[in-house]
Amino acid sequence: MPELPEVETVRQSLQKKVAGLKIAAVKIVQPKVVKAGPFEDFAVALLGRTFIDFERRGKYLLAHLDGSASIVVHLRMTGRWVYCKPDTQLAKHTHVIFQLSDGNELRFTDTRRFGGMELVATQNLVEYNSLLKLGVEPLSEDFTPEILCILLQGKKSKIKSLILDQTNLAGLGNIYADEALFLAGIHPERKAETITAAEALKLHHAIQEVLQKGIANKGTTFRDYVDAEGQQGQNQLSLNVYGRGGQNCVKCGTALGKAKVGGRTSIFCPACQPTE
DNA sequence: CGGACGGCCTGGGAGC
DNA sequence: TGCTCCCAGGCCGTCC
């Protein structure tokens with residue numbers, strides 16, 4: 001499931017392979033993945049445009065084209081970009097195909113069809129609601145321990161729900177939230193307002209550490225995720241808690257605990273992450 | 001404000 | 001082998 005490190009890895013592979021290429025043809029197999037406006041307009045508007053560069057904001061991927069056009073993409077659970085030769089067998093659930101000026105294709109596939117894309121005039125991105133609502137980028141210099149403390153202050157919600165809320169921090173999903181809380185030694189159900197300044201400092205560090213490590217490992221391939229060149233990530237080999245339900249803590253050997261927090265499965269170590 | 005839940009989807013795994 | 005059921009979870013909308 002693509003979170004910040006996975007979307008960043010996809011962005012990097014698209015930047016490497018697709019930036020500078022022109023869209024020679026657009027084929028839309030599944031109109032529903034084009035979220036706003038008629039899909040015919042989407043196809044016509046993109047024809048002949050050139051991909052300039054690719055940007056990431058939280059879990060959103062922004063493809064900037066010439067002529068002040070941008071495609072806002074969200075991969076949700078199973079969305080993928082596939083850069084490949086045109087004779088490559090069409091994967092099941094291929095929804096959009098761009099024929100590129102280098103003779104290759106850029107395909108959008110999405111098994112569960114949660115993901116999608118939308119064409120937005122580049123100058124209107126600043127007022128595009130989904131992006132506007134996003135909180136601080138956790139790997140930017142704007143994300144300081146002080147900012148995290150302010151986010152936690154007076155909040156009665158559970159810490160995991162708070163850091164998963166994209167209006168607070170943009171980019172954490174279930175995997176990296178569980179991993180960061182484990183590293184920080186904080187139970188996912190702790191009320192945010194009870195987190196001390198010292199703990200917030202640890203959490204701030206842990207969030208940056210798990211995300212940076214995720215990017216360095218080119219993402220976590222737990223089920224579906226691959227980058228635009230079909231490469232799996234390696235970060236699944238470094239996980240301490242996510243997906244390890246029923247196993248023992250790598251630090252202390254205690255049996256890992258499992259809970260639903262905000263409707264999401266959460267794995268934690270009851271000894272290393274006390275409820276207090 | 002915060003929490004709970006349904007909807008959107010398919011495929012993989014468990015259990016029978 | 002084949003059936004049913006549950007689960008995976010990002011985000012939105014609704015309701016309490």
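Chain letters run A, B, ... following the sequence lines, proteins first and then strands; every chain starts at 1.
Using a 4.5 Å cut-off between side-chain heavy atoms of Ile, Leu, Val, Met, Phe, Trp and Tyr, with links allowed through other members, A/I159 and A/I147 fall into the same hydrophobic cluster. No chain of hydrophobic side-chain contacts below 4.5 Å, direct or via other Ile, Leu, Val, Met, Phe, Trp or Tyr residues, connects A/L75 to A/V120.
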Compile the donor-acceptor pairs under 3.5 Å between side chains in residues 61-71 of chain A and protein atoms, sequence neighbours left out, one pair per line.
from	atom 1	to	atom 2	distance (Å)
A/H64	ND1	A/S70	OG	2.7
A/H64	NE2	A/E55	OE1	2.7
A/D66	OD1	A/T50	N	2.8
A/S70	OG	A/T122	OG1	2.8

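Annotation: of the two residues near DNA chain C, A/Y60 and A/F114, the 5′-most nearest-nucleotide partner is A/F114.
We find that CD of A/E3 is positioned 13 Å from C1' of C/dA8, with the value rounded to whole Å. Atom NZ of A/K260 is separated from atom P of B/dC5 by 11 Å (rounded to the nearest Å). What separates NE2 of A/H93 from C1' of B/dG12 is a distance of 13 Å, to the nearest Å. In this entry the distance linking CE of A/M77 with C1' of C/dC11 reads 11 Å, nearest Å. Going from atom NZ of A/K258 over to atom P of C/dC7 covers 9 Å, rounded to whole Å. Here C/dC11 presents its C1' atom at 14 Å from CD of A/E118, a figure rounded to the nearest Å. When rounded to the nearest whole Å, the span between NZ of A/K35 and P of C/dG10 equals 16 Å. Distance, A/Y225 OH to C/dG10 C1': 17 Å, rounded to whole Å.
One P atom belongs to B/dT10, the other to C/dT1, and the distance between them is 25 Å to the nearest Å. A gap of 26 Å separates the P atoms of B/dC8 and C/dC3, to the nearest Å.
Here A/H74 reaches the OP1 or OP2 of C/dC11: one of its side-chain N or O atoms lies under 4.0 Å away. The shortest distance between the side-chain N/O atoms of A/R264 and the OP1/OP2 oxygens of C/dG10 is below 4.0 Å. Between A/Q166 and the phosphate of C/dC11, there is a side-chain N or O to OP1/OP2 separation shorter than 4.0 Å. Contact annotation: A/T265 side-chain N/O to C/dA8 OP1/OP2 distance is under 4.0 Å. Within the structure, every side-chain polar atom (N or O) of A/K133 is placed at least 4.0 Å from both OP1 and OP2 of C/dC11. When the side-chain nitrogen and oxygen atoms of A/K59 are compared with OP1 and OP2 of C/dC11, one or more of them lie within a distance under 4.0 Å.
Closest contact between the side chain of A/T111 and the listed nucleotides B/dT10, B/dG2, C/dA8 involves B/dT10. Side-chain proximity of A/K158 to C/dG10, C/dC12, B/dG3: nearest is B/dG3.
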Determine which bases of DNA chain B form Watson-Crick or G-U wobble pairs with both distances under 3.5 Å, and write the result as a 5' to 3' dot-bracket string with | for other-strand partners.
-> .|||||||.|||||||
Step-by-step ring-ring contact (aromatic ring centres under 6.0 Å, His included) determination, A/Y225 to A/F222 | CA-CA 7 Å; A/Y225 167 75; A/F222 203 76; over 10 Å; no
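Shown here is A/K35, whose NZ atom has more than 12 heavy atoms of other residues, nucleotides or ligands within 6.0 Å.
The cationic group of A/K251 lies under 6.0 Å from the six-membered ring centre of A/F182 and within 45° of the ring axis, placing it in a cation-pi geometry.
In this structure, the separation between OG1 on A/T111 and CZ on A/R113 is 10.5 Å, given to the nearest 0.5 Å.
Using a 4.0 Å heavy-atom cutoff across all strands shown, A/R113 reaches sugar-phosphate atoms only and no base atom.
Judged purely by distance below 3.5 Å, without hydrogens or angles, the side chains of A/E118 and A/Y128 pair a donor atom with an acceptor atom.
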